[in-house]
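I have placed the structure first, in the form of structure tokens, so that the comments after it can refer back to it.
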Amino acid sequence: MIKIPARVLIVDDEKDFVEIFAMRLEELGETVFSAFSGKECLNFLSENEDIDVVILDIKMPGGMDGIDTLMELKKRFPLVEVLLLTGHGTIETAVKGMKLGAYDYLLKPADFSEIKEKIEGARQRREEQEERIRKAEQRALLRKGGNIY
Amino acid sequence: MTACHSEQKTTDLGVLLVDDEVDFLGTLAKRLDRRGFTVFRASSGPAGLDLLQQQPIDVVVMDVKMPEMDGIETLRHVKQDHCDVEVILLTGNASTADGVEGIKQGAFDYITKPVDIDHLAGKIRQAGDKRRRAEERQREQEQRKQLEQQMMATERLASLGTLSTGVAHEINNPLAMMQEAAGYMRLILEKDEKTVASRRVDLGRALEKIEKGVDRIRRITHLLLGFVRKSGQAYSETDIQALMEETLELMVNEMRDKDIRIQRQMTEDAGIIVSDPYALRQVLINLVTNAAHAIKNEGAITLGLARQQHHVEITVSDTGEGIPKEIVNRIFEPFFSTKPPDKGTGLGLFVTRGIVNRLGGEISVNSAVGHGTTFTVRLPVCPPADDLSTGDADQCDAILQKIKEATDDDKNTGQGADR
């Protein structure tokens, strides 16, 4: 089975980490973009809503941390899946993140095969969601059509 | 000398009578016994001291004039080995000199013979009360000390907890970077030789990330080691002014990219103290580094040094961005940093404060956004006495003596020592 590449946006203020993480994912065929703050992330998504997964750091400076970003992101781009990846893991942020709709929560340094698995899982979930919406729209359209004819 | 330990008594007051006149001793004992005291008898000073070792005695009533060991001498031994036992001295020929000497040696009171038994019983009760109050005070002090120690331990643990969590978190980030770099290198190295050869640049970049990660973790662990290095603490005569100049030399590189003027406000010879020069150098490096980082492109760093009696005051001021009010209280917390991850560990000021406190000093900060920040370190000329070896203590005395002489000179020439 041919693996469909995911479109991934890495959001982290650790530029060195973002760079090398992106290189590794690209080496495996994923399409990777990067942002270094919550604001940059949201700006990027406004123009690129087709991102499958955002890999989001939690502890970021600049007045908008990962949790704030997740909240805003899910409001504006509900279909984009978010994988929280943090070096500062606490039970509180994990619970909060999941309640806010994150796909999963991983601790740095995370096992790479697990990251790959989660990225693929998130990409598939986004695909399924889109599929469901498409079908629902079709049904709605059909019903509408039925009323007309 | 035996330490002064108090024992709690549940019985009535235990009274020891010491007198070489056996008849008098017998009569007095009977009369005191009738008044509810538990009475022990000894016909000489040494016999009395033996009984004190064995029996629960609160108050000693003792004749001054006795052969072998007189009352004053016996009193001295009693106070030396049982400092919480009260002593009432009795004498037939009241002499002022004996009285003065007795009180000087710690006697509770002095009663002249012939003895009014009710007066004596009253004095014994007063002495017993005094002893009980002293015991209570001591118990309270011990409890307070214990509580303080518990609180300190709790604070230390809390601080250790914050520190360990912080360390784990801060190390996770560079570890993640190193892990990704290593994984990336493996992906490339698993390809054929020709491809590997063509990807040398990529491998080099990944390697660079690993080196950066190691460097970050190394900085964290080294700072922490600096923080906990207690056993290696070595006090010696320390010239703060010389340390400041050394620090500035070390910092030249750090300041190369910016236009930073260095100013000095130092009082001549103000900075000779007994301290740990290695620890103090770290304090200065941390403070000057912060000052340099606070200045964006151009500004001034002022190093100040002044003596205030038995303290020196070191100030490091910058004309940088200043610290906002809402975070100024947090700057000494471990892992609190406003710098980007590759610039600051968030440990600098935490460690700095730890060192300053360990050296018996205090650190404070004064900052105004847009105008700059001043850190003030106040250090004692001599560190806490418990930490000092005899040699250090001698050095301390010598320095304090010099200060005293300088102060006297200032006074003689009409100048104050404090600046």
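These numbers were taken from a predicted model, which means no experiment stands behind them. Every chain is numbered from 1, with letters handed out A, B, ... down the list of sequences.
- Neither the backbone nor the side chain of A:K15 comes within less than 4.5 Å of any heavy atom in chain B.
- A search for ring pair (Phe, Tyr, Trp, His ring centres under 6.0 Å) contacts involving A:F44 returns A:F33, not counting sequence neighbours.
- Within the model, atoms CG of A:D16 and CD1 of B:I210 stand 12.0 Å from one another, a figure rounded to the nearest 0.5 Å.
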Open item on the list: Run the salt bridge (Lys or Arg N to Asp or Glu O under 4.0 Å) test on B:K212 and A:E14 for me, step by step, so that the C-alpha distance in whole Å, both residues' side-chain angles and the decisive distance to 0.1 Å come before the verdict.
Closed with: CA-CA 12 Å; B:K212 266 194 180 178; A:E14 297 255 355; over 6 Å; no
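- What you find for B:A176 and A:P109 is that their closest heavy atoms are CA-CB, 3.6 Å.
- A heavy-atom distance below 4.5 Å is found between the side chains of A:E27 and B:R199.
- Atom-to-atom distance recorded for A:F17:CZ and B:M178:CE is 13.0 Å, nearest 0.5 angstrom.
- In this structure, the portions of B:L175 lying under 4.5 Å from any heavy atom of chain A include both its backbone and its side chain.
- The shortest distance between side-chain heavy atoms of A:K108 and B:E180 does not fall below 4.5 Å.
- Residues B:Y184 and A:I20 meet the side-chain proximity criterion, which asks for heavy atoms closer than 4.5 Å.
- Between B:R205 and A:E19, the closest side-chain pair of non-hydrogen atoms falls below 4.5 Å.
- Highest contact tally toward chain A, considering only B:A206, B:G183, B:P174, is held by B:G183 [criterion: heavy-atom pairs under 4.5 Å].
- Here the CG atom belonging to B:L187 is positioned 11.0 Å from the CE atom belonging to A:M23, to the nearest 0.5 angstrom.
- More than 12 heavy atoms of other residues, nucleotides or ligands sit less than 6.0 Å from atom CZ of A:R76.
- The contact between A:I115 and chain B is made entirely by side chain atoms (from C-beta outward), counting heavy-atom distances below 4.5 Å.
- In this structure, B:E193 places its CD atom where only 12 or fewer heavy-atom neighbours from other residues, nucleotides or ligands lie under 6.0 Å away.
- In A:K96, the NZ atom is not crowded: 12 or fewer heavy atoms of neighbouring residues, nucleotides or ligands sit closer than 6.0 Å.
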